[in-house]
Amino acid sequence: MEVGEAPVQTFPSMVDRYFRRWYKTDVKGKQCEDHCILQHSNRICVITLAESHPLLQSGRKIKSISYQISANCSRLQNKVSGKSKRGGQFLTELAPLCRILCIDGEEYTIYSCIRGRLLEVNENILQEPSLLQKKPSTEGYIAVVLPKFEESKSITQGLINQEQYQDIISKRHKTTAAIMGNTDPTSLSDCIL
């Protein structure tokens, strides 16, 4: 910044203003398959992909997204009603939300990571899968889940906060660089940022 130049102000995004980010790393033991849970003060949680998820790394192309979990279970059939959002499918931490198939044949399953009622799934990503990659924390979200009121304080047990997540990403980066004998972090194409 030059003398007399006003500092550029940056403002937090809508997501950063109203939601707290929580992360579940290496979901079901699958390295780098990290999920992000955006928790609003009203208990509502939005399930998204974490920045380090392989689907968000360069070169990945999505072929299809399916909310059909099994022959008898489709997240698209979820119906909620009323002020208390009755009738939504109950999800456990490891309940699958959707399956994403890439053009190269790689398939990823996205999980709830928290217990609660499924309020909605994002049908927009079915028609426009690129939203998942371009805007994962906003228009490309996976689902919205409402934890039980009595569990809302403990819902983040087993999740890590943004600072802890950044530490894990940093450690992954160092480990990958050491394994590859590479000191240039920009040339690594692993599941790191």
Side-chain angles (χ1 to χ4, degrees), residues 10-30 32-53 55-56 65-70 72-100 108-126 128-129 131-169:
T10 58
F11 299 99
S13 70
M14 186 249 344
V15 170
D16 292 330
R17 276 196 310 260
Y18 298 109
F19 292 87
R20 180 144 187 221
R21 291 178 189 265
W22 294 96
Y23 295 88
K24 182 78 173 175
T25 57
D26 301 332
V27 176
K28 291 200 83 170
K30 295 185 178 181
C32 303
E33 289 193 28
D34 305 336
H35 296 31
C36 178
I37 296 88
L38 303 172
Q39 183 185 39
H40 194 274
S41 59
N42 66 4
R43 298 186 354 245
I44 289 177
C45 295
V46 180
I47 312 303
T48 70
L49 296 177
E51 300 88 23
S52 58
H53 195 283
L55 280 166
L56 300 183
I65 300 172
S66 174
Y67 284 108
Q68 187 75 37
I69 303 309
S70 67
N72 298 325
C73 181
S74 172
R75 301 298 181 208
L76 292 172
Q77 301 302 315
N78 187 63
K79 300 285 185 242
V80 295
S81 62
K83 187 176 172 183
S84 59
K85 306 296 182 200
R86 295 189 193 277
Q89 296 172 10
F90 186 78
L91 304 171
T92 63
E93 294 90 342
L94 294 176
L97 293 170
C98 70
R99 290 192 171 80
I100 302 168
Y108 299 95
T109 300
I110 309 304
Y111 297 91
S112 175
C113 298
I114 58 170
R115 291 169 44 89
R117 294 235 171 257
L118 180 62
L119 296 185
E120 71 176 59
V121 295
N122 185 2
E123 294 184 42
N124 294 332
I125 61 174
L126 298 175
E128 195 176 342
L131 284 174
L132 192 70
Q133 294 170 310
K134 292 178 188 172
K135 300 177 180 184
S137 295
T138 56
E139 296 162 55
Y141 71 95
I142 305 292
V144 179
V145 177
L146 179 64
K148 289 181 179 179
F149 181 76
E150 60 273 10
E151 293 181 1
S152 59
K153 298 283 189 230
S154 63
I155 201 70
T156 56
Q157 287 178 348
L159 302 177
I160 59 173
N161 65 30
Q162 195 162 7
E163 186 178 309
Q164 293 167 319
Y165 172 69
Q166 292 303 328
D167 287 344
I168 287 172
I169 297 303

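All values below come from the heavy atoms of this structure, side chains included, with hydrogens, waters and symmetry mates left out. When a residue number appears, it is its place in the shown sequence, counting from 1. Every value quoted in this text rests on a predicted model; they were computed, and no experiment measured them.
Between Glu93 and Tyr111, the closest side-chain pair of non-hydrogen atoms is not below 4.5 Å. In this structure, Tyr67 and Ile110 have side chains that are not in contact, with every pair of non-hydrogen atoms separated by 4.5 Å or more. Residues Leu118 and Leu97 meet the side-chain proximity criterion, which asks for heavy atoms closer than 4.5 Å. Counting only heavy atoms from C-beta outward, the side chains of Glu51 and Tyr165 approach each other to under 4.5 Å.
A donor-acceptor pair under 3.5 Å links the side-chain atoms of Arg117 to the main chain of Gly88, judged by distance alone. The backbone N or O of Glu163 lies less than 3.5 Å from no partner atom in the side chain of Gln166, so there is not a single donor-acceptor pair. When atom types are taken as modelled, the side chain of Asn122 and the backbone of Ala143 share no donor-acceptor pair closer than 3.5 angstrom. For the pair Asp34 (side chain) and Ser52 (backbone), a donor-acceptor distance under 3.5 Å is absent. With Arg115 contributing its side chain and Pro147 its backbone, the two residues share no donor-acceptor pair below 3.5 Å.
Taking CD1 of Ile44 as the reference point, atom CG of Leu146 lies at 6.0 Å (rounded to 0.5 Å). The CD1 atom of Ile114 sits 13.0 Å away from atom NZ of Lys148, with the distance rounded to the nearest 0.5 Å. Taken from OG in Ser74 to CD1 in Ile69, the straight-line distance is 7.5 Å, to the nearest 0.5 Å. Taking NZ of Lys24 as the reference point, atom CD1 of Ile47 lies at 12.0 Å (rounded to 0.5 Å). In this structure, CD1 in Ile142 is found 11.0 Å from SG in Cys36, a value given to the nearest 0.5 Å. Between the NZ atom in Lys28 and the CD atom in Glu33 there is a gap of 11.0 Å [rounded to 0.5 Å].
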### Task
Check the pair Leu126 / Leu76 against side-chain contact (heavy atoms from CB on, under 4.5 Å), numbers first and verdict last.
CA-CA 11 Å; Leu126 298 175; Leu76 292 172; 4.0 Å; yes

Just do the side-chain contact (heavy atoms from CB on, under 4.5 Å) check on Asn78 and Val80 with the steps written out, would you? CA-CA 7 Å; Asn78 187 63; Val80 295; 4.0 Å; yes

- Show your working on side-chain contact (heavy atoms from CB on, under 4.5 Å) between Val121 and Cys98 and close with a plain yes or no. CA-CA 9 Å; Val121 295; Cys98 70; over 6 Å; no

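Among residues at least two apart or in separate chains, side-chain hydrogen bond (donor to acceptor under 3.5 Å, both in side chains) pairs with a member in residues 135-145 are Arg21-Ser137, Glu120-Tyr141, Lys135-Glu139.
More than 12 heavy atoms of other residues, nucleotides or ligands lie within 6.0 Å of CZ in Phe90, so this atom counts as buried by the packing criterion. With a 6.0 Å radius and a threshold of 12 heavy atoms from other residues, nucleotides or ligands, Asn42 has its CG atom above the threshold.
The two residues Cys32 and Asp26 have their closest heavy-atom pair at N-OD1, 2.7 Å. Closest heavy-atom contact between Ala95 and Arg75: CB-NH2, 3.9 Å. Pairing each heavy atom of Ile37 with each of Cys45, the nearest pair is CG2-CB, 3.7 Å. Contact record, Cys113 with Val27: SG-CG2, 4.2 Å, taken as the closest heavy-atom pair. Across all their heavy atoms, Ser70 and Gln68 have their closest contact at O-NE2, 2.6 Å.
Using bins of under 30°, 30° to 60° and over 60° for the plane-to-plane angle, the ring pair His40/Phe19 lands in the perpendicular bin. Between His53 and Tyr108, the ring planes are perpendicular. Angles over 60° get that label, and only those under 30° would be called parallel.
Checking each of Leu159, Ile160, Ile169 against Thr25 for a side chain to side chain contact (heavy atoms under 4.5 Å, CB included) leaves exactly one that passes, namely Ile160.
For Leu56, the side chain to side chain contact (heavy atoms under 4.5 Å, CB included) partners at least two apart in sequence or on another chain are Leu49, Gln133, Pro136.
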